[in-house]
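First up is the structure itself, then whatever we jot down about it.
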Amino acid sequence: MIGECSELDKVNILMDETHEHCQLKIEKLYQENKHLKRANSKLKNESKELRRLIHKLKQNKQKNHYKNGKRGTKFNG
């Protein structure tokens, strides 16, 4: 009986250590995930801002290809 109890105690101690180890690992992963989410969010915002800027610059470059705003005429002028 005494040998079995010590074996159970050893198993319980091992289980407790494993549980603590897993908890620490999960907390570490949670913090890393939080950090990566923030970094991802910042990069998404930068990307959106650059897309808006590119779109704005393209809008400024586009010109009306009709002369004096006239359309549908055979001749220019």
Side-chain angles (χ1 to χ4, degrees):
M1 286 294 262
I2 296 174
E4 288 179 19
C5 288
S6 68
E7 287 296 319
L8 284 176
D9 288 339
K10 287 179 183 178
V11 169
N12 284 336
I13 290 171
L14 182 63
M15 291 293 281
D16 288 341
E17 288 175 356
T18 304
H19 176 70
E20 289 171 8
H21 176 73
C22 288
Q23 273 187 330
L24 290 174
K25 206 167 194 177
I26 288 171
E27 286 177 19
K28 189 176 180 182
L29 287 173
Y30 176 77
Q31 291 298 326
E32 186 178 352
N33 189 29
K34 193 174 180 181
H35 172 72
L36 290 172
K37 279 183 181 179
R38 284 183 183 162
N40 189 27
S41 155
K42 283 183 182 180
L43 289 174
K44 275 193 216 174
N45 288 340
E46 272 185 37
S47 176
K48 268 187 187 178
E49 189 176 338
L50 289 173
R51 274 189 262 135
R52 282 189 205 125
L53 182 64
I54 289 170
H55 181 72
K56 189 176 181 180
L57 290 174
K58 281 184 178 178
Q59 289 287 342
N60 290 343
K61 281 189 173 182
Q62 289 178 351
K63 293 183 181 177
N64 190 359
H65 64 279
Y66 303 113
K67 183 176 180 183
N68 296 329
K70 294 180 182 177
R71 301 186 249 173
T73 59
K74 286 184 177 180
F75 307 104
N76 260 347

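- For Arg51, the side-chain contact (heavy atoms from CB on, under 4.5 Å) partners at least two apart in sequence or on another chain are Ser47, Lys48.
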Do any side-chain atoms of residues 20-30 form donor-acceptor pairs under 3.5 angstrom with protein atoms, and if so which ones, sequence neighbours left out?
{"from": "Gln23", "atom 1": "NE2", "to": "His19", "atom 2": "NE2", "distance (Å)": "3.4"}

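- Between the Thr18 side chain and the Leu14 main chain, a donor and an acceptor come within less than 3.5 Å of each other.
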Between Arg38 and His35, is the side chain to side chain contact (heavy atoms under 4.5 Å, CB included) condition met? List the steps. CA-CA 5 Å; Arg38 284 183 183 162; His35 172 72; 5.7 Å; no

Decide side chain to side chain contact (heavy atoms under 4.5 Å, CB included) for Glu49 and Asn45; before the verdict, give the C-alpha distance in whole Å, the side-chain angles of both, and the deciding distance to 0.1 Å. CA-CA 6 Å; Glu49 189 176 338; Asn45 288 340; over 6 Å; no

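- For the side-chain hydrogen bond (donor to acceptor under 3.5 Å, both in side chains) test, residues two or more places apart in sequence or in another chain that qualify with His55 are Gln59.
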